[in-house]
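In what follows, a structure is listed as structure tokens, so that the remarks can point back to it.
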Amino acid sequence: MASAMVKGGGSRLIKSVSAALGTRFYAKVATGTDIVSAAPNVSLQKARTWDEGIASKFSTTPLKDIFKDKKVVIFGLPGAYTGVCSNKHVPPYKENIDKFKAKGIDSVICVAVNDPYTMNAWAEKLQAKEAIDFYGDFDGSFHKSLDLVTDLSGALLGTRSERWSAYVVDGKIKALNVEEAPSDVKVSGADTILGQI
């Protein structure tokens, strides 16, 4: 039995959960999708201090530089310094970094709709910067391109990332997990994605 919810109308985003497959399907993002093609001309901003931002002339990182010829685990979350993100989502990725590396993962990336300076300070607070690469999606263009946004205005956060994870090889999504609710870490956590590599 399958259930579906259309978000934003039409084919903008279709969330489908299949009991038989245990998989979600998206109009733009699904297993097999080229993540770089799905978000053309989009760049992310590597976590850094303000001074580092000035020194780099506020450079950004094109998606092809992040994913091409690499095995990447990427996880998105609603925001830096939020409770579930800080306490339940990021720590298991940090704690399991050796297991990811043993499976040939080149980088584990955390991305949120935040500026790179906030992401940097948060990564330092979590003492996770050495293990995980943190990136800001300051205007949400990455998540909007992938149809992985949610409205969290009720929590005074505005438009934010869904809570999700993906295993990506040379830009192709091999596994994708998106939570039903932003407060859940049931399918997007480190243990799940480790089992999918």
Side-chain angles (χ1 to χ4, degrees), residues 7 12-18 21-40 42-47 61-80 84-85 88-97 99-114 119 123 128 131-137 140-150 160-182 184-197:
K7 180 178 176 182
R12 179 157 153 41
L13 173 66
I14 299 173
K15 290 183 179 178
S16 176
V17 180
S18 168
L21 299 175
T23 305
R24 293 170 175 263
F25 298 92
Y26 289 83
K28 287 185 78 170
V29 181
T31 301
T33 299
D34 184 313
I35 200 166
V36 177
S37 297
V42 171
S43 294
L44 294 175
Q45 310 83 46
K46 183 117 174 145
T61 307
L63 294 182
K64 67 179 188 306
D65 293 352
I66 295 171
F67 296 106
K68 186 163 176 52
D69 299 323
K70 295 176 186 159
K71 291 181 179 179
V72 176
V73 167
I74 183 169
F75 65 104
L77 39 77
V84 174
C85 301
K88 293 183 180 176
H89 208 183
V90 174
Y93 280 93
K94 176 187 166 190
E95 293 158 7
N96 285 290
I97 197 65
K99 291 179 183 176
F100 285 113
K101 298 297 181 187
K103 288 187 174 239
I105 298 302
D106 295 302
S107 61
V108 174
I109 294 171
C110 175
V111 63
V113 181
N114 281 111
M119 292 297 283
I132 300 168
D133 293 327
F134 286 77
Y135 283 87
D137 179 18
S141 59
F142 175 65
H143 287 93
K144 289 173 188 171
S145 294
L146 302 180
D147 286 328
L148 286 172
V149 291
T150 189
R160 293 295 179 135
S161 166
E162 297 271 11
R163 188 178 304 282
W164 62 280
S165 66
Y167 170 45
V168 183
V169 178
D170 194 25
K172 297 276 194 272
I173 297 173
K174 299 296 186 181
L176 175 67
N177 312 291
V178 181
E179 299 291 353
E180 284 291 326
D184 289 344
V185 184
K186 295 177 181 174
V187 300
S188 66
D191 288 342
T192 300
I193 204 82
L194 271 168
Q196 294 170 323
I197 298 169

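Computation of the quantities below employed the complete heavy-atom set of this structure, encompassing side-chain atoms and omitting hydrogens, waters and symmetry-equivalent molecules.
The shortest non-hydrogen separation linking Val72 to Ile66 is CG2-O, 3.6 Å. Pairing each heavy atom of Gly76 with each of Ser161, the nearest pair is C-OG, 3.9 Å. The minimum heavy-atom distance linking Gly136 with Gln45 is given by the pair O-OE1, 2.5 Å.
Between Val178 and Val187, every side-chain heavy-atom pair lies at or beyond the 4.5 Å cut-off. In this structure, the side chains of Ile35 and Phe142 come closer than 4.5 Å at one or more pairs of heavy atoms. Using a 4.5 Å cut-off on side-chain heavy atoms (C-beta onward), Asp170 and Lys68 make contact. At a threshold of 4.5 Å between non-hydrogen side-chain atoms, the residues Ile197 and Lys71 do not count as touching.
Annotation: side chain to side chain contact (heavy atoms under 4.5 Å, CB included) contacts of Glu95 (sequence neighbours excluded): Pro91. Residues forming a ring-ring contact (aromatic ring centres under 6.0 Å, His included) with Tyr93 (at least two apart in sequence, or on another chain): Phe75, His89, Phe100. Applying the side chain to side chain contact (heavy atoms under 4.5 Å, CB included) test to Ala112 and every residue at least two apart in sequence or in another chain returns Leu77, Asn114, Met119. For Lys99, there are no salt bridge (Lys or Arg N to Asp or Glu O under 4.0 Å) partners two or more places apart in sequence or in a different chain. Under the salt bridge (Lys or Arg N to Asp or Glu O under 4.0 Å) criterion, Lys94 pairs with no residue at all, not counting sequence neighbours. Taking Asp34 as the reference, Lys172 meet the salt bridge (Lys or Arg N to Asp or Glu O under 4.0 Å) condition, with sequence neighbours excluded. Annotation: ring-ring contact (aromatic ring centres under 6.0 Å, His included) contacts of His143 (sequence neighbours excluded): Trp164. For Phe67, the ring-ring contact (aromatic ring centres under 6.0 Å, His included) test picks out no residue, with sequence neighbours left out. By the side-chain hydrogen bond (donor to acceptor under 3.5 Å, both in side chains) test, Ser141 pairs with Asp139, sequence neighbours left out. Every residue two or more places apart in sequence or in another chain that forms a side chain to side chain contact (heavy atoms under 4.5 Å, CB included) with Pro62 is listed here: Ser43, Lys64, Asp65. Looking at residues two or more places apart in sequence or on another chain, you find a side chain to side chain contact (heavy atoms under 4.5 Å, CB included) between Lys101 and Ile97.
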Derivation and outcome, side-chain contact (heavy atoms from CB on, under 4.5 Å), residues Val185 and Arg163: CA-CA 8 Å; Val185 184; Arg163 188 178 304 282; 3.7 Å; yes
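Sorted by first and then second residue, the salt bridge (charged side-chain N to carboxylate O under 4.0 Å, His left out) pairs involving residues 185-197 (not counting sequence neighbours) are Asp184-Lys186.
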